[in-house]
Engineer: 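Here it is, the structure in full.
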Amino acid sequence: MVLKDILAISGESGLFKFIAQGKNSMVVEHLETKKRTSVFGSSKVSSLEEISVFTTGEDIPLGKVFDNIFEKEKGGTAIDHKADPVELKSYFQEVLPEYDQHKVYASHMKKIVQWYNILHKNNLLVREEAGSDENREQQ
């Protein structure tokens, strides 16, 4: 999945889209409320593109995990992020069988499923192949 410009901000619920860079801050837009706000350098901001999931081998980029969920659900939504932790672990086992069960907690799974559903709701689940084709056409 193409996750460029999609951000998670520590202490804030939901996901944000990067809008602009200021001198001491950046302007972001909440994906669900569409409310724009400034985020200052003291905030912990993570791009979803830079997040990966621990596995028993090499860490897997979050975009690849979203690809796996997308394929499992045939383009539909994932289970509810408020599901029972046992159900979340079972679901995650199907999506990413090689995840490291000692490092990936139910809270991580909950957040990943929640983020996937937010991106799905906002039609932002774009496959990397499709994104690179669009980039070539624009050049």
Side-chain angles (χ1 to χ4, degrees):
M1 296 291 160
V2 178
L3 300 174
K4 187 175 183 232
D5 297 335
I6 305 297
L7 309 170
I9 302 172
S10 183
E12 300 287 335
S13 64
L15 294 173
F16 297 82
K17 181 177 181 180
F18 173 80
I19 302 297
Q21 181 71 46
K23 184 175 180 183
N24 296 319
S25 66
M26 71 174 89
V27 178
V28 296
E29 180 179 85
H30 194 278
L31 289 181
E32 294 172 294
T33 65
K34 305 298 183 203
K35 181 181 173 191
R36 289 188 178 190
T37 187
S38 293
V39 178
F40 298 95
S42 59
S43 298
K44 184 171 177 357
V45 178
S46 302
S47 169
L48 294 194
E49 192 172 53
E50 297 170 355
I51 296 173
S52 58
V53 178
F54 294 115
T55 67
T56 54
E58 253 184 64
D59 296 348
I60 303 291
L62 186 59
K64 177 64 177 148
V65 176
F66 287 163
D67 284 339
N68 292 355
I69 295 172
F70 190 85
E71 289 172 20
K72 177 185 175 358
E73 301 299 338
K74 297 178 178 51
T77 58
I79 64 169
D80 185 11
H81 69 279
K82 295 179 182 176
D84 181 67
V86 174
E87 192 178 344
L88 275 171
K89 288 179 183 181
S90 173
Y91 182 81
F92 216 74
Q93 183 71 39
E94 292 176 41
V95 171
L96 191 66
E98 67 273 16
Y99 83 92
D100 189 328
Q101 297 179 10
H102 300 290
K103 294 181 180 177
V104 180
Y105 302 111
S107 59
H108 300 139
M109 296 173 200
K110 177 180 177 179
K111 190 157 290 227
I112 290 169
V113 169
Q114 181 182 22
W115 288 347
Y116 174 88
N117 285 333
I118 290 170
L119 293 171
H120 183 274
K121 180 180 173 184
N122 288 281
N123 296 317
L124 293 173
L125 293 171
V126 178
R127 303 290 293 215
E128 287 190 42
E129 299 81 20
S132 55
D133 287 345
E134 288 173 7
N135 290 341
R136 277 189 228 123
E137 289 174 13
Q138 290 175 355
Q139 292 177 354

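Side chains are part of it too, since the values below use all heavy atoms of this structure and drop only hydrogens, waters and symmetry mates.
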Engineer: Just one of Phe54, Tyr91, Phe92 clears the ring pair (Phe, Tyr, Trp, His ring centres under 6.0 Å) bar with Tyr99, so which one?
Structural biologist: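 Among Phe54, Tyr91, Phe92, the one meeting ring pair (Phe, Tyr, Trp, His ring centres under 6.0 Å) with Tyr99 is Phe92.
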
Engineer: To the nearest 0.5 Å, what is the distance between CG on Leu48 and CG on Leu119?
Structural biologist: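 So the CG of Leu48 and the CG of Leu119 are separated by 6.5 Å.
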
Engineer: To the nearest 0.5 angstrom, please state how far the NE2 atom of His108 sits from the CG atom of Asp100.
Structural biologist: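 The CG atom of Asp100 is 11.0 Å from NE2 of His108, to the nearest 0.5 Å.
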
Engineer: What do you reckon, is NZ of Lys34 surrounded by more than 12 foreign heavy atoms closer than 6.0 Å?
Structural biologist: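 Buried by this count: over 12 neighbours within 6.0 Å.
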
Engineer: Is Lys111 close to His81 at the side-chain level, that is, under 4.5 Å between some pair of heavy atoms?
Structural biologist: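 A side-chain contact is absent here, since even the closest heavy-atom pair is not under 4.5 Å.
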
Engineer: Where do Phe66 and Trp115 come nearest, in terms of heavy atoms and distance?
Structural biologist: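 Minimum heavy-atom separation between Phe66 and Trp115: CZ-CB, 3.9 Å.
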
Engineer: Determine the minimum heavy-atom distance between Gln21 and Ser25, stating which atoms define it.
Structural biologist: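 In this case the closest contact between Gln21 and Ser25 is NE2-O, 3.2 Å.
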
Engineer: Could you grab the distance from atom CD of Glu94 to atom CD1 of Ile79, nearest 0.5 Å is fine?
Structural biologist: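 The distance works out to 9.0 Å.
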
Engineer: So among Leu31, Ile6, Val113, which one has a side chain to side chain contact (heavy atoms under 4.5 Å, CB included) with Ile118?
Structural biologist: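 Testing Ile118 for a side chain to side chain contact (heavy atoms under 4.5 Å, CB included) against Leu31, Ile6, Val113 leaves exactly one candidate, Leu31.
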
Engineer: Mind checking the CG-CE spacing from Leu7 to Met26? Nearest 0.5 Å is all I need.
Structural biologist: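 Rounded to the nearest 0.5 Å, the CG-CE separation comes out at 6.0 Å.
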
Engineer: How close do Ala106 and Pro85 get, heavy atom to heavy atom, and via which atoms?
Structural biologist: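 Ala106 and Pro85 have their closest heavy atoms at CB-CB, 4.1 Å.
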
Engineer: Rounded to the nearest 0.5 Å, what separation is found between the CD1 atom of Ile51 and the CG atom of Asp59?
Structural biologist: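 Going from CD1 on Ile51 over to CG on Asp59, the span is 12.5 Å.
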
Engineer: Do any N or O atoms from the side chain of Asp5 and from the backbone of Phe18 form a donor-acceptor pair under 3.5 angstrom?
Structural biologist: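 Not at all, since once roles are kept as given, no pair shorter than 3.5 Å links the two residues.
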
Engineer: Which heavy-atom pair separates Leu3 from Ser47 by the least distance, and what is that distance?
Structural biologist: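 Leu3 and Ser47 have their closest heavy atoms at O-OG, 4.3 Å.
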
Engineer: Compare all side-chain heavy atoms of Asp80 with those of Asn117 and state whether any distance is below 4.5 angstrom.
Structural biologist: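 Counting from C-beta outward, Asp80 and Asn117 never come under 4.5 Å.
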
Engineer: For Glu58, look at atom CD and say whether over 12 heavy atoms of other residues, nucleotides or ligands are found less than 6.0 Å away.
Structural biologist: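 12 or below, so no.
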
Engineer: Please report the shortest heavy-atom distance between Ser43 and Val39, naming the atom on each side.
Structural biologist: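 Reported closest heavy-atom pair: CB-CG1, 3.6 Å.
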
Engineer: Rounded to the nearest 0.5 Å, what's the gap from OH on Tyr116 to CD1 on Ile69? Could you check?
Structural biologist: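 Spacing of OH (Tyr116) from CD1 (Ile69) equals 6.5 Å.
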
Engineer: Taking the side chain as every heavy atom from C-beta outward, state whether Leu88 and Lys110 have any atom pair closer than 4.5 Å.
Structural biologist: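 Yes, side chains in contact.
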
Engineer: For the side chain of Thr55 and the backbone of Gly57, is there at least one donor-acceptor N/O pair under 3.5 Å apart?
Structural biologist: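 Looks like yes, one N/O pair under 3.5 Å.
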
Engineer: Looking only at heavy atoms, which two atoms of Gly14 and Glu32 are closest? And how far apart?
Structural biologist: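 Taking every non-hydrogen atom into account, CA-OE1, 4.3 Å.
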
Engineer: A side-chain contact here means heavy atoms from C-beta on lying under 4.5 Å apart; do Lys17 and Asn122 qualify?
Structural biologist: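 Result no, sub-4.5 Å side-chain heavy-atom pair not found.
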
Engineer: Are the side chains of Glu12 and Thr37 in contact, using a 4.5 Å heavy-atom criterion?
Structural biologist: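 Thr37 does not reach Glu12 side chain to side chain.
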
Engineer: State plainly whether one hydrophobic cluster holds both Leu125 and Met109, where clusters connect Ile, Leu, Val, Met, Phe, Trp and Tyr through side-chain heavy atoms under 4.5 angstrom apart.
Structural biologist: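 Yes, it is one cluster - the side chains of Leu125 and Met109 are joined through contacts under 4.5 Å.
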
